[in-house]
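All of these numbers come straight from a predicted model, not from anything done at the bench. Hydrogens, waters and symmetry mates are skipped; everything else that's a heavy atom, side chains included, is used.
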Amino acid sequence: MMKEYTVITSTDQVDRFIKDHPLSFIYISRENCGVCTSLFPKIRNLLTKFPNIRLGFIDADQVTEIAGKFSVFTVPVLLFFVDGKEVLREARFVHTDALEKQLEKIYELAGNN
């Protein structure tokens, strides 16, 4: 089973998503990005281990202002927010094993077991 996700289509919507969900994971992608396409299912699968994390997906080709808002220079970019604060950022080549270990630590520190 894959993690459910919300497609985010504006900077206002991403602000609300981060504000409304104490544990927010944002995946920024582009349409013609092979790495993005192959990584996203792996991330969705990984996040099933963290039920309290909410996943948002942004297509940077559709939401062009997102690059400036989050200083995104390459894709994919994975951003993890706890209580509205960015606590983790991964870009381009993401090692899912290392990412999982980092998420476990942050998840536990945020009071989720």
**Q** Return yes if some donor-acceptor pair links the side-chain N/O of K3 with the main-chain N/O of R54 below 3.5 Å, else return no.
**A** no
**Q** From Q102 CD over to H95 NE2, what is the distance, rounded to the nearest 0.5 angstrom?
**A** 11.0 Å
**Q** At what distance, to the nearest 0.5 angstrom, does CG of L78 lie from CD1 of I26?
**A** 10.0 Å
**Q** Picking from L23, L79, I106, what satisfies side-chain contact (heavy atoms from CB on, under 4.5 Å) with V87?
**A** I106
**Q** Given the rule in the ring-ring contact (aromatic ring centres under 6.0 Å, His included) test, do Y5 and F40 qualify, once you have shown the distances and angles that lead to the verdict?
**A** CA-CA 11 Å; Y5 66 96; F40 190 54; 4.9 Å; yes
**Q** What side-chain donor-acceptor pairs closer than 3.5 Å can you find for residues 64-72, not counting sequence neighbours?
**A**
residue	atom	partner	partner atom	Å
K69	NZ	D15	OD1	2.8

**Q** Just to verify, what does E31 make a side-chain hydrogen bond (donor to acceptor under 3.5 Å, both in side chains) with, not counting sequence neighbours?
**A** Q62
**Q** Roughly how far, to the nearest 0.5 Å, is the CD1 atom of I43 from the OG1 atom of T48?
**A** 11.0 Å
**Q** Consider only side-chain heavy atoms of I, L, V, M, F, W and Y, link residues closer than 4.5 Å, and tell whether F81 and Y107 are in one cluster.
**A** no
**Q** Between G56 and I8, what is the shortest heavy-atom contact and its length?
**A** CA-CD1, 3.9 Å
**Q** Membership question, hydrophobic clusters at under 4.5 Å side-chain separation (ILVMFWY): are L103 and L109 in the same one?
**A** no
**Q** Hey, any chance L47 and F80 share a hydrophobic cluster, counting ILVMFWY side chains that come within less than 4.5 Å of each other, even indirectly?
**A** yes
**Q** What salt bridge (charged side-chain N to carboxylate O under 4.0 Å, His left out) pairs are there with at least one residue in residues 36-49, not counting sequence neighbours?
**A** K49-E100
**Q** Who are the side chain to side chain contact (heavy atoms under 4.5 Å, CB included) partners of S29, not counting sequence neighbours?
**A** Y27, C36, F57
**Q** Nearest heavy-atom pair of F25 and I53: which atoms, and what distance?
**A** CB-CG2, 3.6 Å
**Q** Just how far is it from atom CD1 of I58 to atom OG1 of T6, taken to the nearest 0.5 Å?
**A** 10.5 Å
**Q** Mind checking side chain to side chain contact (heavy atoms under 4.5 Å, CB included) for R92 and listing every partner two or more places apart, or none if nothing turns up?
**A** C33, V35, T74, P76
**Q** Would you check if V14 and V63 make a side-chain contact, meaning some heavy-atom pair closer than 4.5 Å?
**A** no
**Q** Under the rule for side-chain hydrogen bond (donor to acceptor under 3.5 Å, both in side chains), what residues qualify as partners of N45, not counting sequence neighbours?
**A** none
**Q** Is the closest basic N to carboxylate O distance between R89 and E86 below 4.0 Å?
**A** yes
**Q** For I18 versus G84, what's the shortest heavy-atom pair and its separation?
**A** CG2-CA, 3.7 Å
**Q** Assess whether side-chain contact (heavy atoms from CB on, under 4.5 Å) is satisfied between L88 and L99, documenting all intermediate values.
**A** CA-CA 9 Å; L88 180 65; L99 177 64; 3.5 Å; yes
**Q** Nearest 0.5 Å, please: how far is CG in D20 from CD in Q13?
**A** 10.5 Å
